[in-house]
Amino acid sequence: MSVLGLRNVSYTMTGYPVGSGSGNSIRNAFGQNGVSELLSSAPDGSYHGTLKMGYLHSEFSPVSGQELHMKYDESSTDDEPVMYVEGKDIHGKKFTGKIHLNDVDPEKATPAEMTALRVHLAHQGDKGVKASSGIPLMALGSHKDVNTTMDFKQYYKNWASNLENAGFKQNARIYMSELERYLFYHRTKGTLSSDTAILHLQQQNQKAN
């Protein structure tokens, strides 16, 4: 089981970025407002889920009972990538759908949409996304419905701020870099390669400094 109560087969949280410290240290960085609170709110750990083979990403939360399974849809193309998604929401209702990745706006997206975008970028070899452990997105499975829209730009900023205040500055930078990749992808509709996007972000950071 991962440190945040989510199990998955596309990427795990058994490892942390260099300099991050232990999983417990990361949890403690959020005090009563973050991960530790989510864990303590677990009913009784009695939820059971299904991990599906043949999917790019498959996960379930023993805490909330939610499930997410996704793979590229038959209609997906290089220019217009589409992810087929199925799962179970926080109310136990099963759902299926398609996510057009070029339309995912991080400032008004669902956890399912953002997870699909992360899976896509990681599958494309995006270094900025692969460097992150994906904890911010996976933590939502404990308390936020996978199909409820929220502002991920603000969510990531709050997450990074908590980490930085707790002394995990490197982790904060990694997660902010991950956020920038999502925002950049949305602005460009995925028309630029991963390496070009990373170079562009580095140039932006240099100007900011």
| task | Identify the heavy atoms of A116 and M70 that sit nearest to each other, and give their distance. | result | CA-SD, 3.4 Å

| Say you draw a straight line from NZ of K189 to CG of L101; how long is it, rounded to the nearest 0.5 Å? | 11.0 Å

| Which distance, rounded to the nearest 0.5 Å, do you find between the CD1 of I90 and the OG1 of T148? | 8.0 Å

| task | Kindly indicate whether the side chain of R118, heavy atoms from C-beta on, has any atom under 4.5 Å from the side chain of H57. | result | no

| task | Show the numbers, then the answer: is there a side-chain contact (heavy atoms from CB on, under 4.5 Å) between D151 and K108? | result | CA-CA 5 Å; D151 185 348; K108 47 183 178 180; over 6 Å; no

| field | Linked, directly or transitively: V82 and L68 (ILVMFWY side chains, under 4.5 Å) | value | no

| query | Hey, does the side chain of H69 reach the backbone of S58 with a donor-acceptor pair shorter than 3.5 angstrom? | reply | no

| Spacing of Y155 atom OH and M114 atom CE [to the nearest 0.5 Å] | 10.5 Å

| task | Of all the heavy-atom pairs spanning S61 and G141, show the shortest one and how long it is. | result | OG-O, 3.3 Å

| query | Quick one: CD on Q154 to CG on L179, what's the gap to the nearest 0.5 Å? | reply | 10.0 Å

| task | Grab the two heavy atoms, one from K88 and one from F95, that are nearest each other, plus how far apart they are. | result | N-CE2, 3.4 Å

| request: Determine yes or no for a side-chain-to-main-chain donor-acceptor pair under 3.5 angstrom, with S64 supplying the side chain and H143 the backbone. | output: no

| field | Stepwise side-chain contact (heavy atoms from CB on, under 4.5 Å) check, M150 with L140 | value | CA-CA 11 Å; M150 58 181 286; L140 286 171; 3.9 Å; yes

| said: Would you say H123 and Y72 are linked by a side-chain donor-acceptor pair, where the criterion is simply a distance under 3.5 Å? | reply: no

| said: I'd like to know if the side chain of T115 and the backbone of P111 have a donor-acceptor N/O pair within less than 3.5 Å. | reply: yes

| field | T188 side chain vs F184 backbone, donor-acceptor pair below 3.5 Å | value | yes

| task | Hey, can you tell me if W159 and Y175 have their rings parallel, tilted or perpendicular (30° and 60° cut-offs)? | result | perpendicular

| task | Could you give me the CA-CA distance, side-chain angles and deciding distance for V85 and K98, then say whether side-chain contact (heavy atoms from CB on, under 4.5 Å) is met? | result | CA-CA 6 Å; V85 180; K98 297 180 182 180; over 6 Å; no

| request: Identify whether the distance between the nearest side-chain nitrogen and carboxylate oxygen of E67 and K94 falls below 4.0 Å. | output: no

| Flag, side chain of E113 to backbone of T110, donor-acceptor distance under 3.5 Å | yes

| task | Step by step, work out the side-chain contact (heavy atoms from CB on, under 4.5 Å) result for H91 and D145. | result | CA-CA 8 Å; H91 305 292; D145 186 87; 4.2 Å; yes

| Between atom CG of L163 and atom CE of M176, what is the distance when rounded to the nearest 0.5 Å? | 11.5 Å

| query | With a 4.5 Å limit on heavy-atom distance, are the side chains of M83 and S76 in contact? | reply | no

| query | Any side-chain donor paired with an acceptor under 3.5 Å for D73 and S75? | reply | yes

| task | Might you point out which heavy atoms bring P106 and H186 nearest each other, and give the distance in Å? | result | CD-CB, 3.8 Å

| task | Please work out which of the three classes, parallel, tilted or perpendicular, describes the rings of F152 and Y156, given edges at 30° and 60°. | result | tilted

| said: Can you tell me how far apart CD1 (I174) and CD1 (I135) are? Round to the nearest 0.5 Å. | reply: 10.0 Å

| query | At their closest point, which heavy atom of R181 faces which heavy atom of G128, and how far apart are they? | reply | CG-CA, 4.4 Å

| task | Return yes if a side-chain donor-acceptor contact under 3.5 Å exists between E86 and Y84, otherwise no. | result | yes

| query | Do Y185 and D126 have side-chain atoms, one donor and one acceptor, less than 3.5 Å apart? | reply | no

| note | Nearest heavy-atom approach of V146 to Q66 is N-OE1, 2.9 Å

